Chemist: 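I have a structure I would like to understand better, so I am pasting it below and will then ask my questions one at a time.
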2 protein chains.
Amino acid sequence: MADKREHILIVAEQLFGERGFDGTSVRDIAQTAGVNLAMISYYFGSKEKLLEAMINFRSEYAYGILAELNKDQSLSPWDKVDRLVEFYVDRILNNLPFHNIMYQESTAFRSIDIKDKIIDLKMRNLDQITRIITDGQQKKLFRQVDIPMTVGTIMGTISSYTQSRAYSCNILAIREDSDDEVFRTKLSKRLKAHLKQLLRAHLDIRNDTGPMEK
Amino acid sequence: MADKREHILIVAEQLFGERGFDGTSVRDIAQTAGVNLAMISYYFGSKEKLLEAMINFRSEYAYGILAELNKDQSLSPWDKVDRLVEFYVDRILNNLPFHNIMYQESTAFRSIDIKDKIIDLKMRNLDQITRIITDGQQKKLFRQVDIPMTVGTIMGTISSYTQSRAYSCNILAIREDSDDEVFRTKLSKRLKAHLKQLLRAHLDIRNDTGPMEK
DNA sequence: TTGAATTAAACAAACGTTTAATTGATTTTT
DNA sequence: AAAAATCAATTAAACGTTTGTTTAATTCAA
């Protein structure tokens, strides 16, 4: 085992993601990770600090890519939106356990530290997406929309299908015990296609609301 | 206290909604409800069956209204979509604790009974909304969209803002300790406006995707 | 030999649930 | 009408686990 500390983090991520923070005991983690119970206190101090360490561990890598997307001058705003959708769907689907934890922990307020970290993460997301959309607006391609709500739509749509595997499999018309890869592939395609179509219509300046046909 | 059993259910709903199922002890519930600890086993059998009873208790009332909306012949599909948005935003915002529980419990699989109940609830929602949208499609007002994904968008957008009060208050530009009513009113307005605008663009047959301006 | 890594064992507290006794009102019997 | 019986409602206490954390001893490499 190369890095025992990291190994514990990954095992804990899996379990927290499946059973929730309160639904997972430190004994569960220790046993699954194949380490002694006391090692968790030894490395992290407490169960709660383990969660905090996990958020730090996973947050770092997420920042770079979106910022890069924004810098790329060669991409049109429309291309950027498509890339954005692909980026988020891929990132969430490839990190389902962690996403589930963030998802659950943003409701529960475990500690001020953790709460602030999660809000910080969300704010950065919002900030990056805001730049992409305002850029499109300045170039007269996108219409005026409620940007924070639009971000909620993107994240919320994805979450609503990562949250309940049973329901999702039902919709995707695959067996509930299907391979994880099959599940992700099917869901990824479906989500990306939907979100792209949705955002094209939502953002396009030519779709600014005229009178409705009755 | 008129109906002690119901009173326990309501208190438990509050606590589960705030702290999660695993984060709430039966002693918490008993103390907050002002009843003896043993009464919870006496009335419900177990903590898990209390949750099940709660889902039954809350599920019943939800069905009627949407079905009625579908029957109403005088409303155009566009009107129905607007009503739909208003119905869902209101219902969720007026039942935040229960919504949070459903939200959390659809990830955790507490028991097969509970899982099935939640899926059943979701399926009924999907079914009702499907009727509204296919109706609009048959009348050549709505274009072809991925209906289950669109439902996910509606529910997910709302959830993404009911899930984390701290973040939402940040976006709504109100203080985090604002009155509950203030929070709901502001969020309701914002969500309804956004979702209506979004769905108008998304569903309108005139917005069927032509080539994008570059 | 020093100090970090690892262990089994123990800790007190909290957990969900059960027990056995008691209350209080309603029904049945005298 | 009074007494007895019945049964659901309620209680304090205890049950056996499980919880997160700590201790003190031991291993192991530097």
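Atom set for the values below is all heavy atoms of this structure, side chains included, hydrogens, waters and symmetry mates excluded. Residue numbering restarts at 1 for every chain, and letters A, B, ... go by the order of the sequence lines. Note that the coordinates shown come from a computational prediction; the quantities given were computed from them, not determined experimentally.
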Chemist: To the nearest angstrom, how far is B:I29 atom CD1 from C:dA14 atom C1'?
Modeler: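 Computing the B:I29:CD1 to C:dA14:C1' distance gives 14 Å.
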Chemist: Is it true that the NZ or CZ of B:K47 lies under 6.0 Å from the centre of B:F21's six-membered ring and within 45 degrees of the ring axis?
Modeler: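 Judged by the rule, B:K47 and B:F21 form a cation-pi pair.
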Chemist: Expressed as a whole number of angstroms, how long is the span from A:I40:CD1 to C:dA8:C1'?
Modeler: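 In whole Å, C:dA8 C1' and A:I40 CD1 are 15 Å from each other.
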Chemist: Think B:K49 forms a cation-pi with B:F44, using NZ or CZ under 6.0 Å from the six-ring centre and within 45 degrees of its axis?
Modeler: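 Output no; distance or angle outside limits.
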Chemist: Checking contacts here: which listed nucleotide (D:dT10, C:dG16, D:dG20) is nearest the side-chain heavy atoms of A:K47?
Modeler: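 Ranking D:dT10, C:dG16, D:dG20 by closest atom to the A:K47 side chain puts D:dG20 first.
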Chemist: Is any NZ, NE, NH1 or NH2 atom of the basic residue among A:R83 and A:D79 found under 4.0 Å from an Asp or Glu carboxylate oxygen of the other?
Modeler: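 Result for this pair is no, no salt bridge flagged.
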Chemist: Quick one: do A:T157 and A:H194 satisfy side-chain hydrogen bond (donor to acceptor under 3.5 Å, both in side chains)? Show the steps, please.
Modeler: CA-CA 10 Å; A:T157 303; A:H194 168 69; 5.0 Å; no
Chemist: Measuring from the side chain of A:Y42 (C-beta onward, heavy atoms only), which nucleotide among D:dT11, C:dT6, C:dT7 has the closest atom?
Modeler: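 Per side-chain heavy atoms of A:Y42, the pick is C:dT6.
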Chemist: I need the CD-P distance between A:E52 and D:dG20, as an integer number of Å.
Modeler: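 Checked: the CD to P distance equals 17 Å.
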Chemist: Using atom CZ of B:R27 as one end and atom C1' of D:dA14 as the other, report the distance to the nearest whole Å.
Modeler: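 The distance from CZ of B:R27 to C1' of D:dA14 comes to 11 Å, rounded to the nearest Å.
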Chemist: Roughly how many Å is it from NE2 in B:H7 to P in D:dA9, rounded to a whole number?
Modeler: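 For the pair B:H7 NE2 and D:dA9 P, the rounded distance is 17 Å.
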Chemist: Using whole Å, report how far CZ of B:R5 lies from P of D:dT10.
Modeler: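 Nearest whole value for this atom pair: 13 Å.
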Chemist: Select base, sugar-phosphate, or nothing to describe what B:F44 touches, counting heavy atoms under 4.0 Å on all strands.
Modeler: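 The residue B:F44 makes no contact with any strand.
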Chemist: Rounded to whole Å, please give me the gap between CG in B:D28 and P in C:dT17.
Modeler: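 Going from B:D28 (CG) to C:dT17 (P), I get 14 Å.
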Chemist: Just to be sure I understand the rule, does B:L37 reach a base, reach only the sugar-phosphate, or reach nothing, if contact means heavy atoms closer than 4.0 Å?
Modeler: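 Result for B:L37 = base.
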Chemist: OP1, OP2 of C:dA8 versus side-chain N and O of A:N36: anything below 4.0 Å?
Modeler: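 For C:dA8, OP1 or OP2 has a side-chain N or O of A:N36 closer than 4.0 Å.
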Chemist: From the list D:dG20, C:dG16, C:dA5, which nucleotide is the closest neighbour of the side chain of A:M39?
Modeler: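 Selected nucleotide (nearest to the side chain): C:dA5.
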Chemist: For B:A38 and A:Y43, take the nucleotide of DNA chain C holding the closest heavy atom to each; which residue's nucleotide lies nearer the 5' end?
Modeler: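 In this pair, the answer is A:Y43.
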Chemist: As a test of reading the structure: which of C:dT17, D:dT19, D:dA12 is closest to the side chain of B:S46, going by heavy atoms?
Modeler: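 So the nucleotide nearest the side chain must be C:dT17.
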Chemist: Starting at CD of B:Q31 and ending at C1' of C:dC15, how long is that distance when rounded to a whole Å?
Modeler: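 After rounding, the gap between these two atoms is 15 Å.
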Chemist: Taking OP1 and OP2 of C:dA14, is either one under 4.0 Å from a side-chain nitrogen or oxygen of B:S25?
Modeler: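 Indeed not, no polar side-chain atom of B:S25 lies that close.
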Chemist: At under 4.0 Å between heavy atoms, what does B:S41 touch on the DNA or RNA strands: base, sugar-phosphate, or nothing?
Modeler: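 Base: the residue B:S41, judged by heavy atoms under 4.0 Å, touches a nucleobase.
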Chemist: Is the shortest distance from a Lys or Arg side-chain nitrogen in A:D82 or A:K192 to a carboxylate oxygen in the other one below 4.0 Å?
Modeler: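 The answer is no: the pair does not qualify as a salt bridge.
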